[in-house]
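All remarks here apply to the structure that follows.
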Amino acid sequence: EKEFFEQLKLYFPTIYDIKYMTSLLDGHFGGLQKLADDLGCVRIGAEHQAGSDSLLTMSTYFALGRAKFISNGKIDDSKYKDELFGYGANHTVRSQARLVSMASSAESTAGSDVDSN
């Protein structure tokens, strides 16, 4: 996992994960299309086509930001910037040092689980 986050940060220095964003909110269940529908975003093109999915993801991100994450008239990304849903103990890329520490700790305790009998 450590190597994954290193590579991710190298190629994508800033991450916005819509699934993580929705995890901060109550009441949303479903995928991108349902969220887009709920926010009034219109799909252009066929579902599961790269261009169409990319455009829908972009419009959904901005609609979600405007609907739920506005502060002082601007989208406040401080709660979800560089967060990645489902990875790491706290789902964050920013806390890479903590992930490295946890990985090192897990490696060192893995040997202590072996039965010496």
Side-chain angles (χ1 to χ4, degrees):
E1 194 170 275
K2 176 184 172 239
E3 185 178 333
F4 168 76
F5 281 109
E6 289 170 355
Q7 293 291 316
L8 185 67
K9 194 72 173 165
L10 175 68
Y11 293 104
F12 302 99
T14 304
I15 295 171
Y16 295 108
D17 182 355
I18 291 177
K19 186 168 185 173
Y20 183 83
M21 291 170 69
T22 60
S23 76
L24 301 174
L25 307 172
D26 289 332
H28 174 72
F29 298 97
L32 176 62
Q33 187 64 59
K34 181 174 181 335
L35 178 61
D37 291 344
D38 291 348
L39 293 168
C41 299
V42 178
R43 176 181 287 280
I44 299 171
E47 192 172 9
H48 303 301
Q49 298 297 310
S52 178
D53 287 353
S54 296
L55 282 170
L56 188 63
T57 299
M58 179 193 68
S59 63
T60 301
Y61 165 77
F62 285 110
L64 181 60
R66 285 189 300 270
K68 303 293 184 178
F69 295 97
I70 289 287
S71 176
N72 297 321
K74 295 182 179 180
I75 295 176
D76 178 11
D77 65 1
S78 63
K79 293 180 181 176
Y80 58 83
K81 180 180 177 185
D82 293 332
E83 299 288 340
L84 188 59
F85 184 86
Y87 287 92
N90 60 358
H91 310 292
T92 180
V93 173
R94 279 190 306 240
S95 298
Q96 203 166 12
R98 181 174 176 203
L99 291 173
V100 170
S101 172
M102 291 173 58
S104 296
S105 176
E107 288 172 4
S108 65
T109 58
S112 64
D113 291 339
V114 176
D115 189 5
S116 60
N117 290 338

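Please read all numbers here as calculations on a predicted model, not as lab measurements.
The two residues S52 and R43 come nearest to each other via the heavy atoms OG-NH1, 2.8 Å. Between F85 and D17, the closest heavy-atom pair is N-OD2, 2.9 Å. Minimum heavy-atom separation, K68 to L25: CG-CD1, 3.7 Å. Taking all atoms of both residues into account, the shortest heavy-atom contact from I18 to Y61 is CD1-N, 3.9 Å. Residues K79 and Y20 approach most closely at O-CE2, 3.6 Å, considering heavy atoms. Taking each heavy atom of L56 and Q33 in turn, the nearest pair found is CD2-OE1, 3.5 Å.
For the atom pair CD1 of I15 and CG of L8, the computed distance is 3.5 Å after rounding to the nearest 0.5 Å. Distance check, rounded to the nearest 0.5 Å: OG1 of T60 to CZ of F62 gives 11.0 Å. To the nearest 0.5 Å, atom CG of residue L32 and atom CG of residue D37 are 9.0 Å apart.
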Item to complete: Show the numbers, then the answer: is there a side-chain contact (heavy atoms from CB on, under 4.5 Å) between I75 and R66?
Response: CA-CA 6 Å; I75 295 176; R66 285 189 300 270; 4.3 Å; yes
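In E3, the CD atom is not crowded: 12 or fewer heavy atoms of neighbouring residues, nucleotides or ligands sit closer than 6.0 Å. Environment of CZ in F4: crowded, with over 12 heavy atoms of neighbouring residues, nucleotides or ligands closer than 6.0 Å.
The shortest side-chain heavy-atom distance between T14 and D77 does not fall under the 4.5 Å cut-off.
Between the side chain of D76 and the backbone N or O of F69, no donor-acceptor pair lies under 3.5 Å.
No continuous path of ILVMFWY side-chain contacts below 4.5 Å connects L64 to V42, so the two sit in separate hydrophobic clusters.
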